[in-house]
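Values below: every heavy atom of this structure, side chains too, minus hydrogens, waters and symmetry copies.
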Amino acid sequence: MSKTEFGKGCHLHLIDGSAFIFRAYHALPPLTRKSDGLPIGAVSGFCNMLQRYVEGNHGPDAPTHVAVIFDKGSHTFRNDMYDLYKANREAMPEDLRPQMPLTREATHAFNIACEEKEGYEADDIIATLAVQARAAGGRCTIISSDKDLMQLVGDGVEMYDAMKNKRIDRDGVFEKFGVFPERVVDVQALAGDSVDNVPGAPGIGIKTAALLINEYGDLESLLDRAEEIKQPKRRQTLVDKRDQIELSKRLVQLDEKTPLDFTLEDLEVRDPDPDKLLAFLAEMEFRTLTKRIADQLGAEAPTITDKVAPEAEAVTVEDIPFDATKYECVRDAVALLKWVDQIREHGWVAVDTETTGLNEMIVDLVGISLCVRAGTACYIPLTHRDGSADDLFGSDELAEGQMPLNEALDILKPVLEDPAILKIGQNMKYDSKIFKRYGVSVAPIDDTMLMSSAMHAGEHGHGMDTLSDRYLNHTPIPIKPLLGSGKSAITFDKVPIDEATAYAAEDADITLRLWQHFKPQLHRAQVTTVYETLERPLVPVLAEMEMHGIKVDREVLSRMSNAFAQKMAGLEAEIHELSGETFNVGSPAQLGEILFEKMGLEGGKKGKTGKYSTGADILEDLATEHELPRRVLDWRQLSKLKSTYTDALQTHINPDTGRVHTSYSITGATTGRLASTDPNLQNIPVRTEEGRRIREAFIPEPGNVLLSLDYSQIELRILAHIAGIDALKQAFADGLDIHAMTASEMFDVPLDEMTSDIRRQAKAINFGVIYGISGFGLARNLRIPRSEAQGFIDRYFERFPGIRTYMDDTVAFAKEHGYVQTLFGRKIHTPEMSSKGPRAGFAKRAAINAPIQGTAADVIRRAMIQMPAAIAHLPARMLLQVHDELLFEVPADHVDETIDVARCVMEGASDPAVKLDVKLTVDAGQGANWAEAH
DNA sequence: GACATCACG
DNA sequence: GACGTACGTGATGTCC
């Protein structure tokens, strides 16, 4: 094999292997190999990091040479100089030790050079190679954030912090040390390092060290001229501890002449051997990663055994009992700092906030609970009020024994924002919005609610009580007795601190246990990708949209409310006149009596409660013969618009922001769709002219416009792809009117002779197909005889036989597996599939619909997740999502650019995970309000 | 709190 | 052969 000589134009990547391993070990729960219980969490994380590294290595700056460098053994030449070097290092965790050789194997499996040398630290090898690369005229990037390596930066050598996605150059080093790389060892020699047990000069930290070095030029001059230092204590230290400081310098100085038995040329980038790589991953039983890499390499994924070692399963059972009396109430900084230490030790923490209500945009923070391992949790009360005080104003006084809110946040903020510490929550969107309002940006996160949704959508809800009952066999302390109900209900800040501690700390304890239960299961359920690409990344995106809100013009709504009230009064009088008595028009029961008893109209009883049904479709039929039903329909429309929209929306305008802030439920819909609440901004009227005008109240800030981009026929396009209907695909490719095309195919009418009525019928059929069509349903929708509707359906299946195959296959799959899947791997469980009677029909249709609706939901989720970065350079904001539509607010002079970018993201949202046979098309609209934009 | 009704995709 | 149905949501008002 001929090797390219390393030289100008070459780019060497050096990966700090030990850093990768420790980061992987602390970021993941203690995973074990299913078949024999071998600990493999760190190996798994390590492989994922390598994989992500390889994936990201394309483009102009790709490396030509690469190696992963490891530490070997614990005794190095530095121990010979100073026997206490790294003496206070904790022993390697028991479950990490057996994983060390596996990480080397993993590196070989990826066909990346893997180097280590007895007696030397990885840092020395890295230093030697970096210097060699520089000398040969090439460049070098050290993938690590270790400050000990910063002395190497400069002149073609850079560092890259993969975690923070940040390059570190000479300026970056200066930021960290206050000196440029060539003086870093001098500063380190003075400042010492408690982690590595480098003594340094007592009482001198990095800041002081940099100051001294910058003043005297370098360490040697400083020590020689130490007598000139003005501060007596500092002078004394430098004089007395000269030997210790010089030793420290030798300890931190990297050895750039490590003898190596390989050359730079040996590190040339090589493609992995698919067989070897996949065999290793399969041996580790990494199901998701094996499959993903197999797909990428175009190779077949090896099968992975499903057998479970009996002893391996037994140890996973959680035996620690819940005990609310063991929870700690943290009342001062000293106690809190102990918790911070524990959090840093573990690398993760379960967090829960207690607040004065449920609206994150309004409520106040009352307390915070933390948990680092099952049974070990605390509550930090912060703003509890003293309700027990006798004087009248007692309830406004802060209760005794709480640390100041700001002090607690100052201590917790670095932890909550630390990229190396995982914050675990149940519905973290809520807590991160609360924290955000107090200036804390929580990241990175895991969310047990989203994990449950990824694994169990369709099986049950994902609230904490449900999950705890189901998976921990423990019923949480109910909140009701603490807060009371009705008029006498209190807010959490009025709950006595001891009761609050038991309740709040338990929530964090439960959350941590759920996480430990769920995290290893994500892999087994094959939904890690769903969780990591479609669920978790949505949290910050939605949090930002919700907090930003949308401006609503109260005046417009108020005027409409008045107009509606007037019209309703008129209609009500007419209705009473026509019926001959005054009654509550809003009562379906009273209306039914009048229509079907007093007036004797046709259209009998229905409903389980024995009441007459007076739904819009029934009244619509009656309206052809009588005036009263029409009036009632009109009244109902106005009543709906007024109560649900023009009145209610006003109450949702936030007094501080003047905007309306909805809340999206990520797990609300089983299919993966979002749901919008408080208020629901996904059902603002649009279908009728009067209703549509409500959208005129949704407006941009002055100088801005509202921008609406929506997917055209996304569900039908996805159906065409999934069911493989060539005629439909072709029609979309040709940009045809899809409903007209369907009508033409079905009724043999040429497109140029199409009538709106025939097209309308075809449209109903197309939608019916998406919903799991039935003759009855179509008949009712089109108001045609059932036999005729059945004829349409038969004909449709004749013309598009692929549709029937899709439906049959989907139902069969659901029956066999108990779930169906979207194109992106989201699973929707169908537990009702095995039931008998009418429920089976529902389950069937839901199973047919779920992959279509769910895939469309996945697509727009992907677009939303990409959007913030895509529009970061623009002054545009994403405000709302309405299933297939995204609404933006943008200054008028950036409209076209925003449309281009957002459309590009939306139309390409399925790439590269899924290659659709059908192009996705996005329509755009803009205007001075939502009615104009849509 | 169940139910009916109706707003959206 | 009868059953009793379009899929997915949330908010409101009535009535018990």
Assign [X] to base, sugar-phosphate, or nothing according to its heavy-atom contacts below 4.0 angstrom with the strands shown.
X: Q590(A); result: sugar-phosphate
X: G837(A); result: nothing
X: I773(A); result: base
X: D884(A); result: sugar-phosphate
X: A648(A); result: sugar-phosphate
X: G768(A); result: base
X: S587(A); result: sugar-phosphate

Return yes if a side-chain donor-acceptor contact under 3.5 Å exists between [X] and [Y], otherwise no.
X: Q637(A); Y: T688(A); answer: yes
X: T466(A); Y: H462(A); answer: no
X: E907(A); Y: Y711(A); answer: no
X: T662(A); Y: S676(A); answer: yes
X: T614(A); Y: R636(A); answer: yes

* Please confirm whether R780(A) makes a cation-pi placement over F776(A), using NZ or CZ under 6.0 Å from the six-membered ring centre and within 45° of the ring normal. =>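 The answer is no; the distance or angle limit is not met.
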* According to the side-chain hydrogen bond (donor to acceptor under 3.5 Å, both in side chains) rule, which pairs have a member within residues 757-766 of chain A, sequence neighbours left out? ->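 Residue pairs passing side-chain hydrogen bond (donor to acceptor under 3.5 Å, both in side chains), neighbours aside: D737(A)-R759(A), H739(A)-N766(A), T742(A)-N766(A), D757(A)-R760(A), N766(A)-Y796(A).
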* All pairs passing side-chain hydrogen bond (donor to acceptor under 3.5 Å, both in side chains) where residues 922-934 of chain A contributes a residue, at least two apart -> E885(A)-W930(A)
* Just wondering, do R861(A) and L674(A) contact through their side chains at under 4.5 Å, heavy atoms? -> yes
* Asked: Quick one: does S774(A)'s side chain get under 4.5 Å of Q790(A)'s, heavy atoms only?
  -> no
Between [range] and DNA chain B, which residues have a heavy-atom gap below 4.0 Å?
range: residues 669-696 of chain A; value: R673(A), Q682(A), N683(A), I684(A), P685(A), V686(A), R687(A)
range: residues 620-647 of chain A; value: R636(A), Q637(A), K640(A), Y645(A)
range: residues 810-830 of chain A; value: none

Provide the distance between the two [atom1] atoms, one in [N] and one in [M], to the nearest whole Å.
N: dA7(B); M: dC3(C); atom1: C1'; answer: 31 Å
N: dC3(B); M: dT5(C); atom1: P; answer: 14 Å
N: dG4(C); M: dC8(B); atom1: C1'; answer: 26 Å

Report, as yes or no, whether the 6.0 Å neighbourhood of atom [atom1] on [X] holds more than 12 heavy atoms from other residues, nucleotides or ligands.
X: Q566(A); atom1: CD; result: no
X: E602(A); atom1: CD; result: no
X: K567(A); atom1: NZ; result: no

* Within the distance-only criterion (no hydrogens, no angle test), does the side chain of H721(A) pair as donor or acceptor with the backbone N or O of V918(A) below 3.5 angstrom? ->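 Here the side-chain-to-backbone pair does not exist.
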[X] has an atom [atom1]; how far is it from atom [atom2] of [N], in whole Å?
X: L716(A); N: dC7(C); atom1: CG; atom2: P; answer: 17 Å
X: I666(A); N: dG10(C); atom1: CD1; atom2: C1'; answer: 17 Å
X: E832(A); N: dT5(C); atom1: CD; atom2: C1'; answer: 14 Å
X: L619(A); N: dC6(B); atom1: CG; atom2: C1'; answer: 12 Å
X: R783(A); N: dA6(C); atom1: CZ; atom2: C1'; answer: 14 Å
X: L887(A); N: dC8(B); atom1: CG; atom2: P; answer: 16 Å
X: E715(A); N: dA6(C); atom1: CD; atom2: C1'; answer: 13 Å
X: Q650(A); N: dA11(C); atom1: CD; atom2: P; answer: 18 Å

* Worked check of side-chain hydrogen bond (donor to acceptor under 3.5 Å, both in side chains) between T646(A) and R559(A) -> CA-CA 9 Å; T646(A) 55; R559(A) 276 201 300 273; over 6 Å; no
Would you please name every residue forming a ring-ring contact (aromatic ring centres under 6.0 Å, His included) with [X], sequence neighbours left out?
X: H626(A); answer: none
X: F792(A); answer: F747(A)
X: F564(A); answer: none

* Asked: Tell me, what's DNA chain C's dot-bracket, Watson-Crick or G-U with both distances under 3.5 Å, | for other-strand, [ ] crossing?
  -> ......|||||||||.
Anything under 3.5 Å between a donor and an acceptor, one on a side chain of residues 848-859 of chain A, the other on a protein residue two or more places apart or in another chain? List them.
| unit_1 | atom_1 | unit_2 | atom_2 | d |
| --- | --- | --- | --- | --- |
| N849(A) | OD1 | Q853(A) | NE2 | 3.2 |
| N849(A) | ND2 | I770(A) | O | 3.0 |
| Q853(A) | OE1 | T671(A) | OG1 | 2.8 |
| T855(A) | OG1 | L823(A) | N | 3.2 |
| T855(A) | OG1 | P851(A) | O | 2.5 |
| D858(A) | OD1 | R826(A) | NE | 2.8 |
| D858(A) | OD1 | R826(A) | NH2 | 3.2 |
| D858(A) | OD2 | T822(A) | OG1 | 2.6 |

* Asked: Per the side-chain contact (heavy atoms from CB on, under 4.5 Å) rule, which among V882(A), V660(A), L879(A), L887(A) passes with L681(A)?
  ->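 So, applying the side-chain contact (heavy atoms from CB on, under 4.5 Å) to L681(A) and each of V882(A), V660(A), L879(A), L887(A), only V660(A) qualifies.
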Measure from the side chain of [X], starting at C-beta and using heavy atoms only, and say which of [options] lies closest.
X: S613(A); options: dT5(B), dA6(C), dC15(C); result: dT5(B)
X: Y771(A); options: dC15(C), dC7(C), dG8(C); result: dC7(C)
X: T614(A); options: dG9(B), dT14(C), dT5(B); result: dT5(B)

* Asked: Where along residues 785-796 of chain A does a heavy atom fall under 4.0 Å from DNA chain C?
  ->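 Nucleic-acid contacts, sorted: R786(A).
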* Asked: By a strict heavy-atom criterion of less than 4.0 Å, which residues belonging to residues 840-855 of chain A are in contact with DNA chain C?
  -> F842(A), R845(A), A846(A), N849(A), Q853(A)
